[in-house]
Amino acid sequence: MSTRTNGSGSNYEYVTARVRSRRAKLFDEDDYRKLIRMGPGEIARFMEESEYEEAMNALGARYSGVDLIEHALHRNLANHFDDLLRFAEGRLYDYIARYLRQFDAWNIKTVMRGIYSDAERESVETDLIRAGEFSERRIERLLGAESIEAVIDVLADTMFGDALAGAYGEYEERAVLVPLENAVDRAFYEALIAGLPSEPSRATQLYIDFLEAEIDFRNIENALRLSRSGADVDPAEYYIDGGRLFDEEGIGALVANTDELVSRLRESTYGDDLDAALNELESAEGLSGVERALNRALLEYSRTLSNRYPLSVCPVFAYVLAKMREVDNVRAIARGKEAGLDPETIEEELVMV
Amino acid sequence: MANDVKPTRKELMAIEDRIDLSERGHDTLEQKRDGLIMEFMDILDQAQDVRSGLGDDYEEAQETIDMARAIEGDLAVRGAAAALKEHPEITIQSKNIMGVVVPQIESSKVQKGLDERGYGILGTSAQIDEAADAYEELIDSIVLAAEVETAMKKMLNEIETTKRRVNALEFKLLPELHESQEYIEQKLEEQEREEIFRMKKIKNKKEEEEREARDEVSAEESEETDRPEGEVAVTSD
């Protein structure tokens with residue numbers, strides 16, 4: 001996969017039509033409720049009769065149980081996102097490619113975590129999602145890397161190379177992965193909006209609007225976590241530039257005062273969307289419920305955008321988010337069932353829209 | 001045992017001293033046992049609460065980490081766990097409960113803030129925070145349970161030992177000493193009776209001899225009185 005910037009026209013009509021048809025095939029609430037009441041074997045069987053049939057059959061000989069489900073989910077996700085790139089042309093291709101680099105960022109972090117925690121290569125491989133821009137060869141080289149330094153060498157010629165090289169000194173000093181993981185995430189978010197025209201077209205503006213909303217939701221999530229934990233951390237360290245809601249200077253004061261942060265969020269353009277999440281924040285002790293409510297709000301917001309602008313990049317990104325959520329949900333059900341969690345607990349953890 | 005002792009008055013006095021000491025020791029040990037049982041009951045109540053809390057904390061921690069693994073993936077959880085650089089510290093001191101030395105375990109650096117756990121915020125979620133919180137609480141519960149249960153076991157051992165000592169005194173040593181005391185007293189009484197009997201015998205014998213001597217003397221005297229006057233006793237040359 002490579003980024004095409006040949007200036008040819010984008011085919012929004014074709015891609016959004018394909019996306020709409022694929023979106024209709026996503027699991028709905030009834031499917032999740034059925035899955036929650038099944039064991040891992042039954043879930044695998046259910047998936048064999050669904051959208052995941054091809055991936056399940058292809059991987060059935062190599063894996064079994066929940067590993068098979070997880071590999072099939074990842075392969076299916078990667079196939080769908082590759083299809084998106086295959087369908088897209090022109091500027092739309094570029095936007096989708098930029099957005100899907102989040103899986104490259106995920107894979108880099110997964111490989112680094114594997115090395116850092118001395119995990120087996122197989123368990124690292126299970127967690128990789130090959131839906132980004134990296135080739136199979138590069139992923140193999142990443143999996144073969146035996147040290148963090150080797151990972152950085154493998155990535156030297158990618159958009160993550162400079163950021164990782166810059167953060168390596170801090171990693172050596174503190175011996176924690178935080179600086180490297182932050183560098184990877186920042187490099188991804190910076191590249192999302194880098195190089196866009198200063199006077200964007202309507203299509204580009206919608207792309208920017210969607211990403212700004214996603215970055216805002218990410219910043220809200222981080223601000224709430226920091227605010228609730230009371231940790232002595234500079235919020236600017238975790239601030240992602242590019243959103244509309246916060247700026248780097250102002251976020252520190254908001255994190256220090258949870259009430260002010262909440263009232264700011266209620267008054268923001270996302271106020272109605274975030275209502276459930278903020279109510280959850282006031283009633284719940286932990287933040288995972290708030291995170292779920294935020295994820296739900298982001299999915300609903302992305303769907304609203306895709307309905308409002310049906311011939312734009314918004315339906316495509318809304319589909320990407322929904323598909324990723326489906327994979328997370330099915331994986332949570334399968335792993336939760338494997339761990340013996342009760343159906344009610346698992347259902348609470350799912351994000352269904 | 002009774003047959004092994006010498007039935008002497010000195011031995012009897014020594015046994016009486018031992019009985020006195022043993023009875024005082026028995027009373028003291030009984031008081032100690034009762035005191036230990038009372039302390040043990042308090043610790044037992046505490047241990048039951050701690051044990052039930054430990055079970056709940058373990059279940060909650062397990063559930064949160066299972067959920068974090070299910071949602072974030074195993075590697076994300078392992079990576080976050082491996083990021084911890086400052087590990088909890090445990091200091092063990094001791095305290096004395098009725099002569100029983102029990103440990104007093106203090107933990108520090110268990111409950112950590114988000115900034116002390118070593119993992120980043122961008123690459124993780126609140127699920128991992130909740131799993132970390134739950135495990136930190138579990139470690140505190142384990143430390144408390146270790147302290148209370150060790151104290152409970154030591155108290156239990158001490159109660160058993162004290163009980164054995166009380167029983168040994170009550171059912172073994174004191175009965176044997178009383179038996180020995182009785183044996184010596186009987187023997188001494190017997191010896192006394194024999195002595196009296198012997199004395200009586202000697203006295204009777206002496207009296208008999210005296211009586212015989214007296215009878216002899218009186219017989220001689222009566223013989224001399226019975227001979228006529230002028231009659232000279234003829235004596236052969």
Side-chain angles (χ1 to χ4, degrees), chain A residues 70 105-106 109-114 116-119 123-124 126-127 174-182 184-186 218 221-222 224-226 228-233 237-238 240 285-292 328-329 331-342 345-346 348-349, chain B residues 53 55-89 108-141:
Chain A
E70 197 159 350
W106 166 264
K109 287 190 288 185
T110 303
V111 169
M112 289 196 300
R113 284 170 183 168
Y116 189 73
S117 60
D118 292 326
S123 60
V124 177
T126 308
D127 277 19
R174 290 170 57 195
V176 290
L177 282 180
V178 181
L180 295 174
E181 288 192 5
N182 286 354
V184 170
D185 284 319
R186 276 183 204 289
R218 209 75 213 287
E221 196 178 310
N222 294 336
L224 287 174
R225 261 174 92 188
L226 285 173
R228 180 56 84 84
S229 75
D232 186 20
V233 180
E237 203 180 319
Y238 293 103
I240 302 167
E285 266 184 40
L287 267 181
S288 59
V290 180
E291 258 185 17
R292 282 195 299 278
D328 286 347
N329 282 345
R331 187 176 68 173
I333 293 170
R335 290 279 176 209
K337 296 299 274 190
E338 186 189 34
L341 296 176
D342 60 273
T345 311
I346 297 171
E348 266 178 35
E349 301 296 327
Chain B
D56 293 345
D57 286 347
Y58 176 75
E59 271 177 31
E60 198 190 326
Q62 202 55 40
E63 196 173 286
T64 55
I65 206 157
D66 284 341
M67 217 57 241
R69 276 202 187 108
I71 289 168
E72 295 286 309
D74 191 44
L75 270 188
V77 176
R78 286 175 65 173
L84 186 69
K85 290 294 162 203
E86 204 176 26
H87 293 280
E89 281 177 12
S108 57
K109 298 177 191 166
V110 175
Q111 304 275 351
K112 291 187 189 311
L114 198 53
D115 51 326
E116 297 166 313
R117 289 182 183 150
Y119 60 77
I121 292 175
L122 289 183
T124 57
S125 73
Q127 287 283 353
I128 289 181
D129 296 347
E130 283 175 15
D133 283 340
Y135 266 86
E136 285 167 1
E137 274 179 34
L138 179 63
I139 290 173
D140 271 340
S141 298

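Every chain is numbered from 1, with letters handed out A, B, ... down the list of sequences.
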Partner chain B: residue of A:Glu349, A:Arg335, A:Arg186 with the largest heavy-atom pair count (under 4.5 Å): A:Glu349
Options A:Asp118, A:Val124, A:Thr110, ranked by heavy-atom pairs under 4.5 Å with chain B, top entry: A:Val124
Side-chain donor/acceptor of B:Glu136 to backbone N/O of B:Lys112, under 3.5 Å: yes
From CA spacing to verdict: side-chain hydrogen bond (donor to acceptor under 3.5 Å, both in side chains), A:Glu237, A:Asn182: CA-CA 9 Å; A:Glu237 203 180 319; A:Asn182 286 354; 4.5 Å; no
Greatest number of heavy atom pairs closer than 4.5 Å to chain B - which of A:Asp342, A:Val176, A:Val290, A:Leu177: A:Val176
Best-contacting candidate, A:Asn329, A:Leu287, A:Val184, against chain B by heavy atom pairs under 4.5 angstrom: A:Leu287
Contacting moiety of B:Thr124, where chain A heavy atoms sit under 4.5 Å: both
Contact check, side chains of A:Leu224 and A:Glu291, non-hydrogen atoms, under 4.5 Å: no
N/O donor-acceptor pair under 3.5 Å between A:Arg218 side chain and B:Leu122 backbone: yes
Atom group of B:Gln62 that falls short of 4.5 Å from chain A, counting heavy atoms: neither
Check: A:Ala119 main-chain N/O paired with A:Arg113 side-chain donor or acceptor under 3.5 Å: no
Which atoms of A:Arg228 approach chain B - backbone, side chain, both or neither, heavy atom under 4.5 Å: neither
Beyond-backbone contact of A:Ile240 with A:Asp185, side-chain heavy atoms, under 4.5 angstrom: no
Interchain contact, B:Glu130 with chain A, by part (heavy-atom threshold 4.5 Å): side chain
